[in-house]
Every structure is written in C-alpha cells, then in structure tokens.
There are 2 protein chains.
Amino acid sequence: MLKDKLQSDSLGQLADPTYSRVREKLREDILSGYFISGERLKIAELVERYKVSQMPIREALQQLQGEGLLIIEPNKGAHVRKVDKQFLESIYEIRQLIEVYLTVKCMENLKQKDLKLLNQIQKSYESAAAKEDYTACLQLNRRFHSTIYELANNSEGLQILEKHWQLINTLRLTYGFGSRRTAEVIEEHRAILQALESGNPAEVETAASVHCIHAKADLLAQMGDRLK
Amino acid sequence: MLKDKLQSDSLGQLADPTYSRVREKLREDILSGYFISGERLKIAELVERYKVSQMPIREALQQLQGEGLLIIEPNKGAHVRKVDKQFLESIYEIRQLIEVYLTVKCMENLKQKDLKLLNQIQKSYESAAAKEDYTACLQLNRRFHSTIYELANNSEGLQILEKHWQLINTLRLTYGFGSRRTAEVIEEHRAILQALESGNPAEVETAASVHCIHAKADLLAQMGDRLK
DNA sequence: AAGTGGTCTAGACCACCTT
DNA sequence: AGGTGGTCTAGACCACTTA
C-alpha cells in the first residue's frame, strides 16, 4: 500500500502536520528574504504558494507571530517583521542575559554525572568537527547547551532560548552553512566546561558571555551586507 | 440598525475577533484553576464551552502556547502547563533580568521630555491610587514601565515583557485585585525615577531590581496557598 | 477493528478600505 | 456601494489509541 501523501524527510520520520511544514517553509521564506520586510502576507497568496487551504496557513502564521517574525493585527492580516541588524541584536542581547544566567544557575544542580555527559557531548562534537560533519555539529552544539539549560530548572528561559534557536538555526542554514567557526566553538565550550568544573560563578559567567558574543558576531558577519 | 452581534465592553470599543475573546476567556479559565494542571484540553469540549467552532479555538490555543500556558503536541492535542510556584518563579527570574537590563539601557536615549512624561505618569498614578481607582492604577503602572522599555530600543525584550504582562495581569485580576501594594509601588517608582535622573546606572539597577523582587513577592503572597 | 479526537478543505460571512 | 481579504462554520479526512 503506497502512501504517496507522506513527504517524509531523509531521516525517514513521519510527515509532520501540514501547519508544521508550512511554518518551516514560511520561516525560511521570510528569513531568506523572499518576502520583503514589512510586506503584508495575504492568506490567498500563501494558499496558492504552499498549495494548502487557509487553516494550516493561519496556524503557521500564529506560531510565527509567537516567534516574533510576524505581526498580526485583527482583521488586517499579517506583516513581516523587519529582520534587520537591530532586530538580531535585540535578540542576542536578550539571549546573552538568559544564557549567562542559566549557565551560572545550572551549577546549583550540577552533578558529576552531568559533567561526564557534557564532556562526552563535547568529545562527539570535536570528532564531528574533525569529519566536517556540520549537521552533526549543529545538533551536538544544541545538545551541549540544552543539557546545561535544563539543569538550571527555569522553564521560561528555556522556552525563550528554544524559540531563538529556531530562528538562528534557520538563518545559519540559509546563509553560509558549515561555518568555519567550529574550532572557535570547541575552544569556547572547553572554557565553559572548565569553568563549570572549577565551580567559580564569575568564571562561568565570563565563559558563557564570551561564547554568546562571538556567536552573535559570527552570524552578523556571515549575513553581512544582506542585512539592511 | 441594531448590531446585536457586538459584544463590546464598557469602554465602547468594537468587539474583538472571536479567537481573541476565546483566548482571553481560556487564559482566565486556566489561571483561575478551572482547568486542572496537566489536563488535556479537547477541542470538542471547548467548542461546547465557548459556543464557537473549531478554528477560533485552535487559533486561541496556538497563541496561548506562545504565552507558555499550553503545550501542543502534533496529533495529540493541548495540555495545560502547570502554573505552580516554580513556573511563576522562572518567569519572574527572567523578567527581572530583562526589566533591569532595559531600564538601565533606556538611559542611553533618555531625554528631558521623557523624564517629564514619566513624572507626569507617576503623578497620575498617585492620584488614581488616592482615589482607589485600581483599574487606572494597573494601566498607569503599565504605561510607566512600557514608556521606559520602549526607550531601550530592544524589540525582543519588549515583546517578552508584554507577553508576561498578559499573564500577570490576568492573575492579578483573578486573585485579589485592588492590591494594597499601591503605596509601595509609588515609593518604588519614585526611586526608579530618581535613579534615572541621577544618571547612575548602578542606582538604576538596584531600584529596578527591588521593584521586580517586591512585585514577585506580592503576587506569590496573594496567590498563597492556591499555588500547588 | 472500531472509536476518539486532531487536522484539513470548501465555502459562507462579515469587517474594512476603496471609488 | 462594491471589492478585497480576514474570519468563521460545518463536515470530511485521517492519525493515534483502545480492545
């Protein structure tokens, strides 16, 4: 029995609901610049473009509004939020506050086995980087950080950082992938690990800050003139 | 020509779209404890309860997921997020980070006319408090802070704080309104204003922190045993 | 293997902005 | 007043879970 409906990806997992796929595609189309900043998104056009009906489109729009990429006004529709330098900087400023806070706070609950796990993830990252497997790098990078954040026991902060991740990850995939920053990332993660092991909050704060600032600078540099 | 459809509120403004009204009502019903923590919300039930069809329900659910009150899993529906002490504390921790940051950062752009406006808002607050007009107090309190936040030029932080406001405001309206905290709020706002006028960042940081910590303590006290 | 409940489609309705 | 486009309803479809 052939299920031609399934548009499962190469990982072989089941197809997501339509609204999820539309959301991903729309996010890409906004961040890649297909839709112009400030443009009004008309549902009829999107229905045409993505070949689905209104409901999944609207759900996707709601979700992207939650991510800050759209502004929806009742009875007036959705506008694309300007993704300019100022927007990205505002996100990274907030990110830094939260990342540093959570990384320091995780020390309260950090056990030996957690440090072991982090070191293990780090090792995997380093070997993925050596093999130039950047997809694995992205995933391991994320796992490294979310392991730390989850230890901090702060659901709100975690949720905000997850939201940002969607956005940043899409930007990374759109503009220059396989960043040559892997070597730097390895250094910075090592510094964070070492600081966590030392148990010195000030050291952790510094290491986390540095990592975040560099990540921001790298992304902005990669996007370069396409911004604004 | 009678428009019996309009369920406009006492302020005389036009009725919001159905999904907005459903969202507000649902938020109330979640925060007031009508729905139990972790309960699965079935669309059919909500259709019954709010007397509307599925689409506005689903849009409201999406938006509340964005606010962190719900967790939606594809093909599995929506669960109510536990609104317990830990959840509220995680929100206030993040709030404090952002509030303090934005309040300090607004100093970069703060002009004389802005200080004048803030003093004016503060004066209005004090006279509303004297008249025990708590609805006006809530609004003026919000205006005081959003005026400051907007000067900080950080759209992401502003958006997060707005999101929190929806939640906190609903909690305030649900549990003990007309808080006896107005006198304290007046003092704390004065301290913030004075710090801003002094131009001393450390002083601003302290004043903003204190204000946020007290707000949290007050809300938790008001909710008291109803938490957990 | 049936049932429950989330998801999608098509079309009607109605608010807002033109002429 | 007419048109454009957002919003809502009803019912079909289909994924996931019970027995």
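Order of the sequence lines sets the chain letters (A, B, ...), proteins ahead of strands, with each chain counted from 1.
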Okay, side chain of [X], backbone of [Y]: is any donor-acceptor separation there less than 3.5 Å?
X	Y	value
A:Gln122	A:Asn119	no
B:Asp16	B:Arg21	no
A:His79	A:Ile71	no
A:Lys105	A:Ala152	yes

Within this structure, what is the [atom1]-to-[atom2] distance between [X] and [N], rounded to whole angstrom?
X	N	atom1	atom2	answer
B:Gln62	D:dT7	CD	P	15 Å
B:Lys42	D:dC16	NZ	P	18 Å
A:Arg40	D:dG5	CZ	P	7 Å
A:Arg21	C:dT7	CZ	P	13 Å
A:Asp16	C:dG6	CG	C1'	14 Å
A:Tyr50	C:dT9	OH	P	15 Å
A:Leu46	D:dT4	CG	P	18 Å
B:Ile57	C:dC8	CD1	P	17 Å

Please check the phosphate of [N] (OP1 and OP2 only) for any side-chain N or O of [X] closer than 4.0 Å.
X	N	answer
B:Arg58	D:dC8	no
B:Tyr19	D:dC8	no
A:Thr18	C:dT7	no

Item to check | Which residue lies more 5' along DNA chain C, comparing A:Lys51 with B:Lys76 via nearest heavy atoms | outcome: B:Lys76
Could you go over nucleotides 10-13 of chain C and give all protein N or O partners under 3.5 Å, atom names and distances?
unit_1, atom_1, unit_2, atom_2, d
C:dG11, O6, A:Gln54, OE1, 2.8

Next on the checklist: Heavy-atom nearest nucleotide on DNA chain D for A:Ile43 versus B:Val52: which residue maps closer to 5'?
Outcome noted: A:Ile43
Checklist entry - Which one of B:Val22, B:Leu26, B:Thr18 satisfies the side-chain contact (heavy atoms from CB on, under 4.5 Å) criterion with B:Ile57? => result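 Of the listed residues B:Val22, B:Leu26, B:Thr18, the side-chain contact (heavy atoms from CB on, under 4.5 Å) partner of B:Ile57 is B:Val22.
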Item to check | Ion pair check, B:Glu59 and B:Arg23, cut-off under 4.0 Å | outcome: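 Here B:Glu59 does not pair with B:Arg23 in a salt bridge, since their nearest N and O are not under 4.0 Å apart.
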Checklist entry - Got a sec, which residues hit salt bridge (Lys or Arg N to Asp or Glu O under 4.0 Å) with B:Arg49, two or more places apart in sequence or on another chain? => result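 Once residues adjacent in sequence are excluded, the partners of B:Arg49 under the salt bridge (Lys or Arg N to Asp or Glu O under 4.0 Å) criterion are B:Asp29.
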